[in-house]
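All values below come from the heavy atoms of this structure, side chains included, with hydrogens, waters and symmetry mates left out. Letters A, B, ... mirror the listed sequences (proteins, then strands); counts begin at 1.
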Number of protein chains: 4
Amino acid sequence: MQSEPKPRWERRKDARPQELLAAALDLFVDRGYAATRLEDVARRAGVSKGTLYLYFENKEELFKAVVRENIVDVIGKAESDVAAAPEASCRELLRVMLLKWWSEVASTRAAGLAKLIMAEAGNFPEIARFYNDEVIERGNALVASILRRGAANGEFVALDPDIMTRVLTAPVIMLMLWSHSFFPCDTQGFDPEAFMDAFLGLVERGLRPPP
Amino acid sequence: MQSEPKPRWERRKDARPQELLAAALDLFVDRGYAATRLEDVARRAGVSKGTLYLYFENKEELFKAVVRENIVDVIGKAESDVAAAPEASCRELLRVMLLKWWSEVASTRAAGLAKLIMAEAGNFPEIARFYNDEVIERGNALVASILRRGAANGEFVALDPDIMTRVLTAPVIMLMLWSHSFFPCDTQGFDPEAFMDAFLGLVERGLRPPP
Amino acid sequence: MQSEPKPRWERRKDARPQELLAAALDLFVDRGYAATRLEDVARRAGVSKGTLYLYFENKEELFKAVVRENIVDVIGKAESDVAAAPEASCRELLRVMLLKWWSEVASTRAAGLAKLIMAEAGNFPEIARFYNDEVIERGNALVASILRRGAANGEFVALDPDIMTRVLTAPVIMLMLWSHSFFPCDTQGFDPEAFMDAFLGLVERGLRPPP
Amino acid sequence: MQSEPKPRWERRKDARPQELLAAALDLFVDRGYAATRLEDVARRAGVSKGTLYLYFENKEELFKAVVRENIVDVIGKAESDVAAAPEASCRELLRVMLLKWWSEVASTRAAGLAKLIMAEAGNFPEIARFYNDEVIERGNALVASILRRGAANGEFVALDPDIMTRVLTAPVIMLMLWSHSFFPCDTQGFDPEAFMDAFLGLVERGLRPPP
DNA sequence: TATGAATGAGTCTTCATTCAT
DNA sequence: TATGAATGAAGACTCATTCAT
């Protein structure tokens, strides 16, 4: 008469937030921030609308969590890596960091968030502020710190580190936009991997001081 | 003593469409398609919501008109120019066309439409179709036709014209995205004009057949 | 240099109201009161929306004018006829009146107004009031007066004239509805003329006192 | 001392559709299709505008549901009854069916839908199509099938069954119109029940073959 | 925790009416 | 007279968020 107690693995409560974040990333990237309906996010994660609100306060917090999960954490790890290796080669550090960014962000579904931010940040000031503070500023600061360290120890030519940061990051950002644009250029005759390779070569050569 | 009674509205038939298109361009570029409220467009043009509907059937048609006015017409002119000069230097034709695109589209407010399309075309299929047919296809066809003509008369090296079309247009499209992105890269340490100059030099040299 | 003065017959100002009333009748009957757009009425009459307002104060007055033109005037004529023939045969009077109603109202486009009133009078109280006062009350009063006169002079059996008025008018009203209903009954196997004939026969026999 | 806090809303999932359909029927019948505001329907059912959209996709679907609930289901039941009694007396079958139609549709609030359809079907083609397919065609087919069966087994005189279907249904339809018209004829001196009785007698005698 | 019913502010679109020309 | 540009109130529909269960 007694109903079977549900096996504990049937409902993976711990996995819920991850499932929701994954669903949210997909939809935010495909449709943009405003056009993504929370009900769709919930449905894609296999839960009800109300459940979503148990884990995330509102749409904005859900979006921030997606950004944290997919971008901010990568930056955090990179910050730790850089801080943990005060003696490492800056050239190598920079190369590894850009490659990591590529492999863990820019080449993944999360790259689509760049498109979203570019298009909609203006309409959602709090999101713009968050993204600027947590991604752009922190990312730029990290790159600039390596450039400064490299200039100080003679590994890099001495260029304005803030300007150079922009020069180094812009192509990768563009690559992120590219990979999610609806323009044919990203589907024909364009190989992001090759682009990335060429870019890394450029960085390597371009920052090396003359012998 | 009596103040002029301010007319509730003013008749400006001929100027209205242009004023509305200008207001719409501004708001579409700033906020995106979905987030632009027609009432705001009307107010910015100094008219009421209803007036807008006298000139444009609905939001979609307003947007199409904005694209026509600011982009399609430029392509149309370019098509005429090319057709009108069957004997012209293809190298010169290409240079002039890219410069015109830059000066009349990419360097203007209309550049922001690229961002909008990239972000929202997926949500508005009819707009995607329209933009693809009227801008992307026509623009690509025009560039490809010049490349073919130039290859035929020996002005250009013989490369796949469709691939080359993508290569030539992609940087300009990126420039359009760049100039309306919220990333600081477009406001600091980046000079679109210089970029454009460098790009034109590249095109000139890159397409010239070896002597 | 002087422009030709327009020939006076070119713009038939006097005909305008009639043209507008005809257009309005058509549209009111086809679409109903609320769904008829004044701009369509004006266009069908070949004038602009503003012009319509020169002749009719507003939509309601236009509708009233249509009813007056097509129904009230017929009733007015009938009232005069009855008043002008105080010695006439009531039987004949009644027959002629019903036939006139048939030929001048019920068999014409104006019959559609009955459908409109039935469906929409509840939404437009002023129109309901007007129609009731000008058509229903006056029409009923006229019929009842003949019945009373006929009962008084022995032409008709003595029945409650108000009840009999309903009995006599209801079938004709139904006929009006019928002829504008979308039900197939009016297009197949139903002949309004035959119905009318049968009905008149019934009236003739039904009201004749036993010998 | 403290008053019960009144809940902003009450959960009544199962009852909601019926409440909404009842409210919608009332308003559609009173005001017509176009003039009925969904917000009013919702308010009359004691819920908000948004709630209505949880149960019905849009105005058109709400209307179809009202028709299904109040008319189509009655026809469906009748179809089953006829199919379930292949040996039954057709005379009885017909009488019962017309009585049922009267008691379950024509004498109820739903009768007002006939008026609505007659007046507005022309403005809403999809609704016209639906009503024609689901009510008129099915209803006529059912009556005609009984007439055919009755003619085949000698219960009825052999008349064109499609024509006779119109003749039999028209009076009932008219009765439906009548009962919701604003004309005084339906409120004074007219007894629909008596009309129905008389009509059934007519049918009984009119279809009986001569002995 | 989980559900999903309920809410209501917000946006596009229509159209009767006004009025400068 | 005649025009048609301009207005603004009104209604269908969407969706982030709340909350009783």
Side-chain angles (χ1 to χ4, degrees), chain A residues 11 13-14 16 34-43 46-62, chain B residues 5 7-17 34-42 45-62, chain C residues 6 11 13-14 16 34-43 46-60 62, chain D residues 5 7-17 34-42 45-62:
Chain A
R11 308 214 119 233
K13 293 176 184 175
D14 298 348
R16 279 287 146 71
T36 291
R37 293 167 21 180
L38 291 196
E39 181 153 21
D40 290 344
V41 172
R43 186 174 12 254
V47 301
S48 77
K49 204 172 12 169
T51 302
L52 195 155
Y53 278 87
L54 293 177
Y55 295 97
F56 304 97
E57 207 173 323
N58 54 33
K59 194 179 191 178
E60 191 176 296
E61 288 304 320
L62 173 63
Chain B
R8 268 205 304 162
W9 40 262
E10 197 187 349
R11 260 182 117 101
R12 312 218 30 224
K13 183 193 175 185
D14 296 348
R16 282 281 182 259
T36 291
R37 292 171 24 192
L38 290 196
E39 182 153 19
D40 290 343
V41 172
V47 301
S48 77
K49 205 172 12 170
T51 300
L52 196 156
Y53 281 87
L54 293 177
Y55 296 96
F56 304 97
E57 213 172 317
N58 52 36
K59 195 178 190 177
E60 190 175 299
E61 288 304 320
L62 174 63
Chain C
K6 284 206 184 126
R11 310 213 120 234
K13 291 174 186 176
D14 298 347
R16 278 288 145 72
T36 291
R37 294 168 19 182
L38 291 196
E39 181 153 19
D40 290 344
V41 173
R43 188 175 10 256
V47 302
S48 76
K49 203 171 15 167
T51 301
L52 194 156
Y53 278 86
L54 293 176
Y55 295 97
F56 304 97
E57 208 173 322
N58 53 34
K59 194 179 191 176
E60 192 174 297
L62 173 63
Chain D
R8 270 204 303 161
W9 41 261
E10 196 187 350
R11 259 180 118 100
R12 311 220 29 226
K13 185 194 173 183
D14 295 348
R16 284 280 182 257
T36 291
R37 292 171 23 189
L38 291 197
E39 183 153 18
D40 289 344
V41 172
V47 300
S48 77
K49 200 175 16 169
T51 299
L52 195 156
Y53 282 89
L54 293 178
Y55 296 96
F56 304 97
E57 211 172 320
N58 53 36
K59 194 178 191 178
E60 191 175 299
E61 289 303 320
L62 173 64

What pair of heavy atoms forms the shortest contact from Pro17(D) to Phe56(D), and how long is it? O-CZ, 4.2 Å

Base-contact (B) and sugar-phosphate-only (S) positions in nucleotides 10-16 of chain E, heavy-atom cut-off under 4.0 Å, - elsewhere: BSSBBSS

Do Leu52(A) and Lys49(A) touch side chain to side chain, with heavy atoms closer than 4.5 Å? no

So for atom CD, which belongs to Glu61(B), do other residues, nucleotides or ligands contribute more than 12 heavy atoms lying within a distance under 6.0 Å? yes

Please list, chain by chain and in numerical order, all residues satisfying side-chain contact (heavy atoms from CB on, under 4.5 Å) with Lys59(A), sequence neighbours excluded. Phe28(A), Tyr33(A), Leu38(A)

Respond yes when some side-chain nitrogen or oxygen of Thr51(B) is under 4.0 Å from OP1 or OP2 of dT7(F), and no when none is. yes

With a 4.0 Å cutoff (strictly under), does any side-chain N or O of Ser48(D) reach OP1 or OP2 of dA6(E)? no

Figure out the CZ/P separation between Arg16(A) and dT1(E), and round it to whole Å. 10 Å

Taking everything shown except Glu60(A) itself, do over 12 heavy atoms lie less than 6.0 Å from its CD? yes

What is the separation between atom CD on Glu61(A) and atom C1' on dT17(F), rounded to the nearest whole Å? 14 Å

Which nucleotides of DNA chain F pair, in dot-bracket form (Watson-Crick or G-U under 3.5 Å, | meaning another strand): .||||||||||||||||||||

Nucleotide dA12(F), atom P - distance to CG of Leu52(D) in whole Å: 10 Å

What is the distance from CG of Leu54(D) to P of dT17(F), rounded to the nearest Å? 17 Å

For Asn58(B) and Tyr53(B), work out which heavy atoms get closest and say how close. CA-CE2, 4.0 Å

